[in-house]
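Worksheet for the structure shown next.
Note: hydrogens, waters and symmetry copies are ignored here, and every other heavy atom, side chains too, is used.
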Amino acid sequence: MLRSLSLRLRIFLFFCLLAVGAIALAAVALGFVWTRTDSEWTASELTTVILLFGFLNTGLVLGIWLLFDENVARPIEGLSTSLRLSAHSGIEDSIKAQAAQYLGDLAPAARALSDALAASGDQPPEQTQRLLQERERLTALLSEIPIATILVNAAGEIALYDAQAGAILSRIAAPRLGAPLSNYFDLTPAIGACARADRRLAEGHVTVPDCNHAETFNLQIKSLGAEGDVIFLDADTRAERDTQSRPLVFDFDLLDQKLEGTKTARRLSELNFVVFDTETTGLSVAKDAIVELAAARVLNGRILDGEVFETYVNPGRPIPAASTNIHGVRDADVAQSPRIEAVIPAFHDFAQSAVLVAHNAPFDIGLLRRQEVQTGCSWDHPVVDTVLLSAVVFGISADHSLDALCSRLSIEIPARHRHTAKGDARATAEALIRLLPLLQGKGIETFGQLLNETSKFGRLLRDINSDHVRNATEISDSP
């Protein structure tokens with residue numbers, strides 16, 4: 001049980017035990033003397049002496065603990081955090097010798113190890129560098145080929161789509177890596193009789209309708225054997241071809257990935273995350289409205305630049321000047337934007353089958369759930385809060401604001417992007433990517449383990465959102 005507690009808390013409990021033990025021993029000693037001498041003390045006077053001793057002894061022990069916590073326990077936790085950042089996230093977090101000056105040679109030794117780790121990763125091997133260059137060339141080449149191409153794994157899940165295919169998919173639903181191809185097309189005609197048992201696509205040319213049976217598409221299917229299939233789409237893409245706004249999107253790890261069991265049993269690296277943020281007319285979930293919504297998808301430890309969601313939202317009311325001063329969204333910016341009734345279904349489609357991630361998630365997810373009856377979109381997605389992830393990794397006593405977390409993880413948020421939905425969603429996504437290896441380094445490998453750990457810090461979110469409620473009340477009551 002004690003192993004689950006932080007180092008500083010265990011040390012504090014140790015000093016509390018010393019204080020209680022000293023008081024108990026003093027009480028026993030005084031009682032022993034009192035019962036065996038002709039003392040004129042009364043029981044009341046003896047109790048007063050014991051209480052006075054207990055008060056002074058507790059103050060002394062707490063004073064010693066404060067010194068120990070400040071100069072030993074806290075620096076040790078800081079050193080461990082710095083080493084984890086270097087080892088698991090590749091972040092060069094400077095180890096301050098002055099802060100750990102009473103730990104002997106431990107701080108210099110930790111700094112030497114951190115510097116060695118950083119130096120070993122500065123220059124990638126020549127072969128790795130060449131592979132990265134070849135990947136960039138291949139991406140650029142495939143992005144320019146005027147053929148809509150989709151690569152699916154053996155389970156029929158999308159592992160690659162180019163600009164033209166992305167434009168076609170977006171006419172049906174939001175393009176998503178890892179999504180079943182059957183989410184977009186009725187593949188019944190493409191499943192050959194001999195392959196019907198394993199539901200694999202049959203090679204050749206076939207015409208299939210989309211899932212809504214609104215359009216038909218000519219597919220040319222080429223089998224890649226056990227790895228999956230490559231599919232070429234014959235469709236009119238004159239209006240959709242835009243390789244700059246929709247680059248080639250792929251993740252070849254999906255070709256080997258075999259997801260089994262429930263989502264809670266899956267490894268963190270196997271999850272599909274949608275990291276989102278909102279900007280609003282105020283700080284009240286019950287009363288205020290969304291004016292901007294943005295999201296980024298994180299898959300296999302990287303942000304998919306080709307899969308983003310971003311839009312202004314017309315709240316149907318004036319945006320208070322105090323709110324505009326924070327996020328910069330003006331009434332003129334949202335005047336021609338869609339209403340929330342149109343935005344939420346589109347975002348719900350984008351976030352299909354994903355784990356939702358936000359910084360202080362109860363506020364953002366609360367705004368979406370408030371519209372469930374009106375839009376018919378149920379937000380029963382699993383939700384992860386980076387505030388709680390920060391608490392698990394860095395301890396509950398640390399500052400868990402987005403600015404502090406990004407500073408700790410060496411993430412730079414340009415000033416013009418801070419407090420914008422797009423900028424904060426991107427920063428939160430980068431924080432998630434850096435936090436995941438740190439969590440795994442602490443032995444948290446599966447989504448179920450992560451939910452179990454974060455549940456221990458629920459009070460932290462309640463305190464944060466209590467502050468939000470107070471701030472919202474003060475703003476609404478101000479003249």
Side-chain angles (χ1 to χ4, degrees), residues 274-296 303 308-344 346-347 356-371 374 385-388 390 398-432 460-479:
V274 166
V275 187
F276 76 106
D277 185 67
T278 61
E279 299 300 334
T280 63
T281 57
L283 297 174
S284 172
V285 173
K287 299 179 181 179
D288 286 299
I290 297 173
V291 298
E292 186 181 13
L293 174 63
I303 299 174
V308 296
F309 186 95
E310 180 186 6
T311 182
Y312 282 129
V313 182
N314 188 334
R317 68 179 82 168
I319 302 174
S323 298
T324 298
N325 289 339
I326 295 174
H327 50 58
V329 181
R330 304 165 300 171
D331 291 330
D333 297 324
V334 302
Q336 303 302 318
S337 300
R339 299 293 294 268
I340 193 65
E341 296 84 358
V343 170
I344 282 187
F347 180 57
L356 293 177
V357 182
H359 197 77
N360 189 23
F363 179 77
D364 298 283
I365 198 68
L367 292 166
L368 300 180
R369 287 175 175 163
R370 202 182 80 191
Q371 304 291 332
Q374 189 175 5
D385 197 315
T386 47
V387 170
L388 299 184
S390 176
D399 184 353
H400 302 296
S401 66
L402 184 58
D403 287 312
L405 179 59
C406 288
S407 175
R408 208 176 291 128
L409 296 173
S410 299
I411 299 170
E412 182 179 354
I413 311 177
R416 67 183 184 279
H417 292 159
R418 183 67 175 102
H419 294 300
T420 68
K422 180 180 180 180
D424 286 358
R426 178 79 185 197
T428 304
E430 292 184 6
L432 174 67
L460 176 63
L461 282 180
R462 290 193 292 271
D463 292 343
I464 291 174
N465 286 290
S466 295
D467 292 339
H468 275 190
V469 171
R470 285 194 296 271
N471 291 338
T473 302
E474 292 172 359
I475 292 174
S476 63
D477 292 343
S478 61

| field | V285 backbone acceptor or donor facing R370 side chain under 3.5 Å | value | yes

| Mind checking whether D333 and V291 have side chains closer than 4.5 Å, heavy atoms only? | no

| Which atom of A296 lies closest to which atom of I303, heavy atoms considered | CB-CG2, 4.2 Å

| Please walk me through it: do V274 and F309 pass side chain to side chain contact (heavy atoms under 4.5 Å, CB included)? | CA-CA 10 Å; V274 166; F309 186 95; over 6 Å; no

| Closest approach of I413 to C406 (non-hydrogen atoms, all atoms of both residues) | CD1-SG, 3.6 Å

| Heavy-atom closest pair, residues E292 and A421 | OE1-N, 3.4 Å

| query | Can D277 and R426 be counted as an ion pair, charged N to O under 4.0 angstrom? | reply | no

| When rounded to the nearest 0.5 angstrom, what distance separates OG1 in T311 from CZ in F347? | 11.5 Å

| message | With side chain to side chain contact (heavy atoms under 4.5 Å, CB included) as the criterion, how do T324 and V329 come out once you've worked through the C-alpha distance, each side chain's angles and the decisive distance to 0.1 Å? | response | CA-CA 5 Å; T324 298; V329 181; 5.8 Å; no

| query | Does a donor on one side chain and an acceptor on the other come within less than 3.5 Å for T281 and D288? | reply | yes

| message | Any side-chain to backbone donor/acceptor pair from D385 onto N360? Under 3.5 Å, distance only. | response | yes

| Heavy-atom closest pair, residues P315 and V334 | CD-CG2, 3.8 Å

| Straight-line distance of I344 CD1 to R339 CZ, nearest 0.5 Å | 12.0 Å

| query | Just wondering, are more than 12 heavy atoms of other shown residues or ligands nearer than 6.0 Å to CD in Q374? | reply | yes

| Any donor-acceptor pair under 3.5 Å linking the side chain of H359 with the backbone of L402? | yes

| said: Could you measure the distance from the CZ atom of R418 to the CD1 atom of I326? Nearest 0.5 Å is fine. | reply: 10.5 Å

| Distance-only side-chain donor-acceptor flag, S401 / D403, under 3.5 Å | no

| query | Atom CD in E430, atom OG in S410: separation rounded to 0.5 Å? | reply | 11.5 Å

| CD-OG1 distance between E279 and T420, expressed to the nearest 0.5 angstrom | 6.5 Å

| request: Check whether any side-chain heavy atom of P338 sits under 4.5 Å from a side-chain heavy atom of V313, and report yes or no. | output: no

| Validation row: T280, S323 side chains within 4.5 angstrom (heavy atoms) | no

| query | Would you say the side chains of E341 and Q371 form a donor-acceptor pair under 3.5 Å? | reply | no

| With distance as the sole criterion, is a donor-acceptor pair present between the side chains of D364 and T278 under 3.5 Å? | yes

| task | Could you walk me through whether L356 and F276 pass the side chain to side chain contact (heavy atoms under 4.5 Å, CB included) test, one step at a time? | result | CA-CA 7 Å; L356 293 177; F276 76 106; 4.1 Å; yes

| request: Test side chain to side chain contact (heavy atoms under 4.5 Å, CB included) on L368 and I290 and set out the steps. | output: CA-CA 9 Å; L368 300 180; I290 297 173; 4.1 Å; yes

| task | With rounding to the nearest 0.5 Å, note down the distance linking CG in D424 to NE2 in H419. | result | 6.5 Å

